[in-house]
Amino acid sequence: MKHLIIGSGPAGVIAAETLRKASPAAEITLLCGEGEPPYSRMAIPYLLKGEIAEAGTHLRKDADHYQRLRIQLVQARAQSVDTAARTVSLGDGRSLPYDRLLIATGSRPSLERIPGMDLPGVHSCWTLDDARAILAKAKPGTRIVQMGAGFVGCIIMEGLLSRGVDLTILVRSGYMVRRMMNPTASGMLRRWCEAKGVKILTHTQSQGITARDGALQVALADGRSLPADIYLSAVGVDPNLEFLTGSGIELGQGILVDPTMQSNIPGIYAAGDVAEANDCLNGKRQLNAIQPNAVDQGRIAALNMAGRPARFKGSFVFNVLTTLGLASSSFGEWQGVPGGESAELLDEARYRYMSLQFEGDRLVGANTVGFSDHIGALRGLIEGRVRLGIWKQRLMDDPTQIMQAYLAAAYSVA
Ligand SMILES: Cc1cc2nc3c(=O)[nH]c(=O)nc-3n(C[C@H](O)[C@H](O)[C@H](O)COP(=O)(O)OP(=O)(O)OC[C@H]3O[C@@H](n4cnc5c(N)ncnc54)[C@H](O)[C@@H]3O)c2cc1C
């Protein structure tokens with residue numbers, strides 16, 4: 001049995017290791033698309049901060065790991081998939097056969113459609129190569145203009161500031177991390193960042209970038225122009241799907257998969273940022289670009305590829321973020337649900353905020369800022385769809401009772 005995995009991020013690596021365990025005699029090939037050993041993007045903020053060296057980003061630290069498991073690493077990019085012939089053609093002209101295929105190609109930064117994106121000094125912060133380029137230039141006083149303040153835009157700030165750079169962030173919508181936080185939480189994050197010396201310009205965006213006298217000029221929508229040494233584009237991500245055009249694999253926003261992580265084509269599976277699976281709370285198909293999701297899905301896909309039935313319980317949407325030392329989180333239906341109820345705790349002076357969203361006596365979503373010790377309990381209650389009973393009113397009265405509610409309700413025998 002020939003197993004081919006496209007993509008060597010967390011989803012691909014876990015899948016390869018799971019396959020080896022479940023199928024000792026199978027052939028396993030892992031395509032690495034960036035000319036790097038398999039690594040974790042999640043570690044890049046620590047690399048920027050100087051807390052780890054490049055090797056610290058590698059998913060497996062032992063140089064012989066893949067060889068020992070007889071997982072063949074191939075440094076090449078997939079260009080197309082022929083589902084009838086069961087082959088994948090590569091950028092270097094080769095073609096690899098497969099019996100079972102896993103597509104774990106992740107996502108990439110969305111491209112801003114403005115002039116100047118190809119100039120030297122214009123970067124994203126997504127790959128190890130991006131991190132190297134930023135590290136080479138980011139020195140005390142280096143002027144960085146960053147477009148976007150989503151999850152990645154926020155998580156890299158600490159690493160950038162630790163280099164002594166002068167950081168300006170443009171936030172088009174006016175709200176930082178608006179896809180995971182309500183306006184109150186987002187406003188608190190903004191105040192925190194400004195207090196740490198980050199300049200934040202809201203309701204504006206770059207219109208174009210030019211190079212002049214050894215520096216970049218970032219033209220803003222309001223007519224102003226900002227000088228910069230680095231322009232960082234962080235406006236979102238898109239799944240890597242283009243090479244599948246015409247393959248017959250059914251695509252929505254990502255690769256549409258069933259609970260076994262199989263696509264519409266038997267024998268072809270998808271996992272991680274590129275897969276569009278059902279949400280475990282609302283049942284809707286969606287992308288969920290976080291590492292824990294990639295790992296779960298990679299494992300489930302591999303078990304099924306090896307002939308061991310396993311089902312994905314559904315994506316659980318949550319984000320836990322640390323922005324310049326301030327912890328924040330969002331879970332499930334953090335915006336609330338029609339007919340639902342909510343409870344809120346706000347302490348602006350101490351940067352502490354919690355909002356809980358209920359549907360009946362279940363907690364279905366939450367936003368927090370400044371709390372880190374409630375994360376596991378919040379996740380447990382929301383993902384487990386735990387009936388709170390009398391604990392609902394207690395949480396409405398005092399949202400900080402989360403841990404007590406979890407211990408009482410999640411472990412009660414109804
Ligand atoms: C700076 C940063 C910080 C992050 N922090 C967090 C965090 O704190 N928590 C969290 O949960 N998530 C975080 N993420 C997101 C997390 O990294 C992703 O959700 C995770 O990497 C998804 O894993 P994956 O295996 O699906 O895809 P990826 O890790 O993106 O791996 C995909 C692989 O496929 C390869 N590939 C793509 N196209 C091809 C092709 N055509 N042929 C061959 N190979 C190809 C790529 O080169 C890559 O090796 C962060 C991301 C970044 C950039």
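Small disclaimer: the values here were computed from a predicted structure and weren't measured.
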Closest contact, heavy atoms only, [X] versus [Y]:
X: A275; Y: Q297; result: CB-OE1, 3.7 Å
X: L287; Y: P239; result: CD1-CG, 4.0 Å
X: V88; Y: A78; result: CG1-CB, 3.7 Å
X: L395; Y: Q401; result: CD2-C, 3.6 Å
X: S206; Y: V218; result: CB-CG1, 3.5 Å
X: P10; Y: V295; result: CB-CG2, 4.0 Å

Next item on the list: Assess whether side-chain contact (heavy atoms from CB on, under 4.5 Å) is satisfied between L251 and I255, documenting all intermediate values.
Entry: CA-CA 5 Å; L251 307 176; I255 300 171; 3.8 Å; yes
Note to self: Consider side chain to side chain contact (heavy atoms under 4.5 Å, CB included). Of L101, L96, L102, which one does I6 pass it with?
What the structure shows: L101
Is a side-chain donor or acceptor of [X] paired with a backbone partner of [Y] at a separation under 3.5 angstrom?
X: Q146; Y: G148; result: yes
X: T142; Y: K137; result: yes
X: R20; Y: L69; result: yes
X: Q75; Y: E36; result: yes
X: R100; Y: K2; result: no
X: S263; Y: I268; result: yes
X: W126; Y: S107; result: yes
X: N264; Y: G248; result: yes
X: D258; Y: Q262; result: yes
X: S247; Y: I249; result: yes

Check ion pair [X]-[Y] (N to O, under 4.0 angstrom):
X: E34; Y: R77; result: no
X: E383; Y: K313; result: yes
X: R172; Y: E112; result: no
X: D279; Y: R285; result: no
X: R387; Y: E359; result: no
X: E194; Y: R190; result: yes
X: R94; Y: D92; result: yes

Rounded to the nearest 0.5 Å, what separation is found between the [atom1] atom of [X] and the [atom2] atom of [Y]?
X: R163; Y: L48; atom1: CZ; atom2: CG; answer: 7.0 Å
X: I134; Y: H123; atom1: CD1; atom2: NE2; answer: 6.5 Å
X: R41; Y: L47; atom1: CZ; atom2: CG; answer: 13.5 Å
X: I200; Y: L170; atom1: CD1; atom2: CG; answer: 10.5 Å
X: I156; Y: L232; atom1: CD1; atom2: CG; answer: 5.0 Å
X: I44; Y: I155; atom1: CD1; atom2: CD1; answer: 11.0 Å

Check: Just checking, R352 and F371: is the charged tip under 6.0 Å from the six-membered ring centre and within 45° of the axis?
Finding: yes
Margin query: Assess the residue pair I114 and Q205 against the criterion (side-chain contact (heavy atoms from CB on, under 4.5 Å)); give the C-alpha distance rounded to whole Å, side-chain angles, the decisive distance to 0.1 Å, and a yes or no.
Written below: CA-CA 10 Å; I114 55 169; Q205 68 187 104; 5.9 Å; no
Next item on the list: Mind running side-chain contact (heavy atoms from CB on, under 4.5 Å) on Q357 and N367 for me, showing each step along the way?
Entry: CA-CA 9 Å; Q357 304 296 333; N367 268 159; over 6 Å; no
Heavy-atom distance under 4.5 Å between the side chains of [X] and [Y], does that happen here?
X: W192; Y: M188; answer: no
X: I5; Y: Y269; answer: no
X: Q67; Y: L73; answer: no
X: M117; Y: Y231; answer: yes

Side-chain donor-acceptor contacts of residues 316-338 below 3.5 Å, not counting sequence neighbours, with atom names and distances?
unit_1, atom_1, unit_2, atom_2, d
S329, OG, T368, OG1, 2.5
S330, OG, M180, O, 3.3
E333, OE2, N282, ND2, 3.4

State whether the number of non-hydrogen atoms from other residues, nucleotides or ligands found under 6.0 Å of [X] atom [atom1] is greater than 12.
X: Y46; atom1: OH; result: no
X: R68; atom1: CZ; result: yes
X: F151; atom1: CZ; result: yes
X: K284; atom1: NZ; result: no
X: R143; atom1: CZ; result: yes

Cut-off 3.5 Å, no hydrogens considered: what does the side-chain donor-acceptor table look like for residues 298-306, sequence neighbours left out?
unit_1, atom_1, unit_2, atom_2, d
N304, OD1, A310, N, 3.0
N304, ND2, T260, O, 3.1
N304, ND2, I300, O, 3.0
N304, ND2, A310, O, 2.7

Margin query: Before you tell me yes or no, could you show the steps for D229 and K139 under salt bridge (Lys or Arg N to Asp or Glu O under 4.0 Å), namely the whole-Å CA-CA distance, both residues' side-chain angles and the distance that decides it to 0.1 Å?
Written below: CA-CA 10 Å; D229 303 300; K139 309 280 182 240; over 6 Å; no
Margin query: I'd like to know whether M354 forms a side-chain contact (heavy atoms from CB on, under 4.5 Å) with E344, so could you lay out the CA-CA distance, the side-chain angles of the two residues, the decisive distance to 0.1 Å, and finally the verdict.
Written below: CA-CA 6 Å; M354 191 182 289; E344 203 174 46; over 6 Å; no
